[in-house]
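First comes the structure, then the notes that go with it.
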Amino acid sequence: QSVLTQPPSVSAAPGQKVTISCSGTNSNIGSHYVTWYQQVPGTAPKVVIYENDQRPSEIPDRFSGSKSGTSATLGIAGLQTGDEAHFYCGTWDSSLNSVVFGGGTKLTVL
Amino acid sequence: HLVQSGTEVKKPGDSVIVSCEASHYSFTTYGITWVRQAPGQGLEWVGWINTKHGNTDYAHKLQGRVTLTRDTPTNTAYMELRSLRSDDTAIYYCARLTITTHRLDPWGLGTLVAVSS
């Protein structure tokens with residue numbers, strides 16, 4: 001059971017937009033920055049969004065992030081088949097004194 | 001860049017040490033976090049080490065079995081896991097931790113630790 005809650009899967013057609021939610025509490029998302037990680041099977045995770053809504057320079061602007069209260073959202077527009085991966089949200093939890101992750105969301109581009 | 005040591009195959013009750021050598025940045029400016037991923041499962045935080053001061057935090061479920069250390073002259077971090085069990089079988093990743101934002105970036109390629117009798 002993960003501390004942060006994500007939907008197990010999302011899907012959409014190429015060119016469409018999808019959003020992935022991440023729900024937490026005041027001790028984690030409500031108090032700390034959220035980072036989103038993309039993991040293609042067989043590879044290490046990489047950052048696609050950091051500090052809630054910032055994109056690394058190598059990540060296309062199709063990827064966006066937002067945070068409100070104790071929830072965060074990752075948006076991916078103009079879906080491409082190459083976007084298929086698992087996505088994880090992560091942050092710090094002040095009560096647990098640990099990094100916490102969501103259970104991961106599998107993105108399928110139909 | 002973070003370069004990790006190679007695959008380890010261990011028996012239940014053994015110990016394992018995984019290394020993580022950092023390059024191309026100031027080692028003591030960032031922490032090092034360890035995350036593991038069991039086959040087909042999600043990401044599980046193991047712990048982190050403050051590379052400047054050496055203080056650590058560990059996941060509650062691994063307290064007492066895991067120790068994180070670092071060697072600043074060689075820019076290398078280490079994870080030791082003792083009393084291995086079959087459910088410790090996982091890929092163990094090290095990642096650079098930005099302490100103020102808790103961003104994990106970049107990640108090492110991972111080290112497979114397989115525990116089997």
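Hydrogens, waters and symmetry mates are skipped; everything else that's a heavy atom, side chains included, is used. Keep in mind it's a predicted model, so treat the numbers as computed, not measured.
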Checklist line | Part of A:Thr43 lying under 4.5 Å from any heavy atom of chain B | finding: backbone
Indicate yes or no: at least one non-hydrogen side-chain atom of [X] is less than 4.5 angstrom from one of [Y].
| X | Y | value |
| --- | --- | --- |
| B:Glu8 | B:Leu84 | no |
| B:Arg65 | B:Tyr58 | no |
| B:Leu81 | B:Val113 | no |
| A:Ile20 | A:Gln6 | yes |
| B:Trp45 | A:Phe101 | yes |

Notebook entry, point to check: Would a distance-only check, ignoring hydrogens and angles, find a side-chain to backbone donor-acceptor pair under 3.5 Å from B:Thr76 to B:Asp71?
Noted result: no
Notebook entry, point to check: Side chain, backbone, both or neither: which part of B:Gln41 has a non-hydrogen atom closer than 4.5 Å to chain A?
Noted result: backbone
Nearest heavy atoms of [X] and [Y], plus distance in Å:
| X | Y | result |
| --- | --- | --- |
| A:Ala44 | B:Trp107 | CB-CB, 4.1 Å |
| A:Leu4 | A:Gly24 | CD2-CA, 3.9 Å |
| A:Thr105 | A:Pro7 | OG1-O, 2.5 Å |
| B:Ser15 | B:Ser83 | OG-N, 4.2 Å |
| B:Ala22 | B:Phe27 | CB-CD1, 3.7 Å |

If you count heavy-atom pairs under 4.5 Å with chain B, which of [options] comes out on top?
| options | result |
| --- | --- |
| A:His86, A:His32, A:Gln39 | A:Gln39 |
| A:Ser98, A:Pro45, A:Gly103 | A:Pro45 |
| A:Val99, A:Val100, A:Thr35 | A:Val99 |
| A:Val47, A:Thr91, A:Val34, A:Leu96 | A:Val47 |

Notebook entry, point to check: Looking only at heavy atoms, which of residues 55-81 of chain A get nearer than 4.5 Å to chain B?
Noted result: A:Pro56
Notebook entry, point to check: Going by distance alone, is a donor N or O of one side chain under 3.5 Å from an acceptor N or O of the other, for B:Thr28 and B:Arg70?
Noted result: no
Next item on the list: Identify which of B:Asp57, B:Leu43, B:Asp105 forms the greatest number of heavy-atom pairs closer than 4.5 Å to chain A.
Entry: B:Leu43
Note to self: Rounded to the nearest 0.5 Å, what separates atom OG in B:Ser23 from atom CG in B:Leu2?
What the structure shows: 7.5 Å
Next item on the list: Could you list which of residues 85-104 of chain B have a heavy atom closer than 4.5 Å to any heavy atom of chain A, in residue-number order?
Entry: B:Tyr93, B:Thr100, B:Thr101, B:His102, B:Arg103, B:Leu104
